[in-house]
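Lettering of chains follows the sequences in order, A, B, ..., and the numbering in each one begins at 1. Quick note: numbers below take in every heavy atom, side chains included, and nothing from hydrogens, waters or symmetry partners.
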Number of protein chains: 2
Amino acid sequence: MLINGAPGNTINAEDRGLTYGDGVFRTLLMRSGRPVCWERQYAKLQRDCGALKIPCPSALILFSELQQLGKAQPDGVAKIIITRGPSARGYAPQAQSEATRILSVTPPVAYPAENAIQGVRMHACKIRLGHQPLLAGIKHLNRLENVLAASELQGRDMPEGLMSDSAGYVIGGTRSNLFMLRGNILYTPNLSRCGVAGVQRDRVMDWGKHHGVTCKVADLRLEELVQADEIFVVNSVFGLWPVCELAAYRRTTHPLAWKIQEWLKDEHH
Amino acid sequence: MLINGAPGNTINAEDRGLTYGDGVFRTLLMRSGRPVCWERQYAKLQRDCGALKIPCPSALILFSELQQLGKAQPDGVAKIIITRGPSARGYAPQAQSEATRILSVTPPVAYPAENAIQGVRMHACKIRLGHQPLLAGIKHLNRLENVLAASELQGRDMPEGLMSDSAGYVIGGTRSNLFMLRGNILYTPNLSRCGVAGVQRDRVMDWGKHHGVTCKVADLRLEELVQADEIFVVNSVFGLWPVCELAAYRRTTHPLAWKIQEWLKDEHH
């Protein structure tokens, strides 16, 4: 782990990342000692920092620090946290505060191979996400809703949960973005009121563009979702998992999901 | 500062308090080396930990650690943070995780004396709080909305800001609870959908009980608030500040606010 470039595993207890969740993060794969889809990941990090007016460290610094960590763990999961840095008590950000960067690379996660092939059973979480357009789309450190949603999965044989918002629209997985295919159209939830807009979501939308498949960002309800031809979830660690079961939805073949899954594996896309 | 009972000022960078804002906190006064209104503060801490299923350290441990810190700073501001502790990546809490406690006492805050007498000008913040009934009332570490609200105050001569929710109801100050007096009735916002229910809010409601003044928890809009006879905000650090200006509301005398203010100063209430 590197904290502001120095080896270490502790941070200042007055860091606003701790006291207020005042920061952003990204989780991404390392392959052969290099961060995968780096340009896209950095662009998101920069956009999220910008939304919170946190100064984003340069791509060069972050890339070289990840490379440094990649020497010990060339293939693993990288996590980058950028916080607004330490400050005295008080919610208002102080102009002189300096961002904290926390980088780590941990061993790869061993998910069951069938998750990517047969697909995963998905739990429809009871929690309803609150609307906060000022923070929607941002991968910030205020993640208690995700913690509560993930808690709902405990004791169930369901590797992912579907989160919906207080208006009844589906938003995504607890740690993934969601797509449905119906007819020849891809749909993904509108994330302008809540949710996290991840790198893989953009890439699936790009897949659509390159393959003449319309992708619509839409307000979708669970009742519409369960009538899909295919449903799948994506994130930067597990790639793409088809959903084989979600409430009344049942599916065992995933022709399009598998194609997109293969396409996503090439990080040049 | 004491971290899990030991002098120090750093925490594990994998602490869920940092990575997800997975924890709760309290801010309270120290007087002559002892925490003020301790029973009430601890009861809230315990309730908030319980709501997130975080094991709450005993009152005895926390009290004795505050006393220890109070030796160096007998009159100041104490802050207690309890997190779910460190864990590997992943939103779901792990059963074996051990709570982290972070206690500090800092010098008293020197607010202008007139804030408590003439009152403060209050800014009506533009941000709208999202609804999350599962977290409403809890003083948890997901405070980005407060950070954004407090940012709105910068560059204004307004020591506090009023936050309203996405339905248009007023919720409270950026770091305080709010009351209005109209006729002979006290009103305070309903915090069942968002907001933080602080110790001083309970105490003001108790004042009402002891003085035969009905206190109603209500869904209030700004338009109703500005027609109040008196408006005031409370928290554990500054006590009670009358509001002298808020949107169309103007007031220069605060007969009831001053009485409640005096009453709150006696911590036996």
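Note: B:Asp15 CG to A:Asp15 CG = 12.0 Å, rounded to the nearest 0.5 Å. A:Leu141 contributes atom CG, which lies 11.0 Å from atom CG of B:Leu141 (distance to the nearest 0.5 angstrom).
For a heavy-atom cut-off of 4.5 Å, chain B lies close to A:Leu52 in residues 49-57 of chain A.
In this structure, the portion of B:Val237 lying under 4.5 Å from any heavy atom of chain A is its side chain and not its backbone. Neither the backbone nor the side chain of A:Ser104 comes within contact range of chain B; no heavy atoms are under 4.5 Å apart. Residue A:Arg193: no heavy atom, backbone or side chain, is found under 4.5 Å from chain B. In this structure, the portions of A:Arg175 lying under 4.5 Å from any heavy atom of chain B include both its backbone and its side chain.
Counting heavy-atom pairs closer than 4.5 Å to chain B, the top residue among A:Ile127, A:Thr106, A:Leu148, A:Leu153 is A:Ile127. Between chain A and the options B:Val77, B:Thr83, B:Leu129, heavy-atom pairs under 4.5 Å are most frequent for B:Val77. Of the listed residues (A:Glu14, A:Arg16, A:Met1, A:Arg89), the greatest number of heavy-atom pairs within a distance under 4.5 Å of chain B belongs to A:Arg89. Per-residue counts of heavy-atom pairs under 4.5 Å with chain A were compared for B:Gly8, B:Ala92, B:Cys194, B:Ala149; the largest is that of B:Ala92. Each of A:Asn9, A:Asp165, A:Asn146 has some count of heavy-atom pairs under 4.5 Å with chain B, and the biggest count is that of A:Asn146.
Taking both residues in full, the closest heavy atoms of A:Ile102 and B:Ala13 are given as CG2-CB, 4.2 Å, listed atom of the first, atom of the second, then distance. Between B:Gln132 and A:Gly130, the closest heavy-atom pair is NE2-N, 3.9 Å. Taking each heavy atom of B:Thr19 and A:Ile81 in turn, the nearest pair found is CG2-CD1, 4.0 Å.
For A:Arg121, the CZ atom is densely surrounded, since the number of other residues' heavy atoms within 6.0 Å is greater than 12. Heavy-atom contacts from other residues, nucleotides or ligands closer than 6.0 Å to CD of B:Glu98 number 12 or fewer.
Between A:Gln154 and B:Pro93 there is a side-chain heavy-atom pair separated by less than 4.5 Å. Between B:Leu144 and A:Ile138, the closest side-chain pair of non-hydrogen atoms is not below 4.5 Å.
For residues 66-85 of chain B, the salt bridge (Lys or Arg N to Asp or Glu O under 4.0 Å) pairs, not counting sequence neighbours, are B:Asp22-B:Arg84. The ring pair (Phe, Tyr, Trp, His ring centres under 6.0 Å) pairs that include a residue from residues 65-105 of chain A are A:Tyr20-A:Tyr91, where partners are two or more places apart or lie in different chains. Within the structure, the salt bridge (Lys or Arg N to Asp or Glu O under 4.0 Å) test picks out no pair touching residues 145-155 of chain B (sequence neighbours left out).
Checked by atom type and distance alone, the side chain of B:Asn142 pairs as donor or acceptor with a backbone atom of A:Arg143 at under 3.5 Å.
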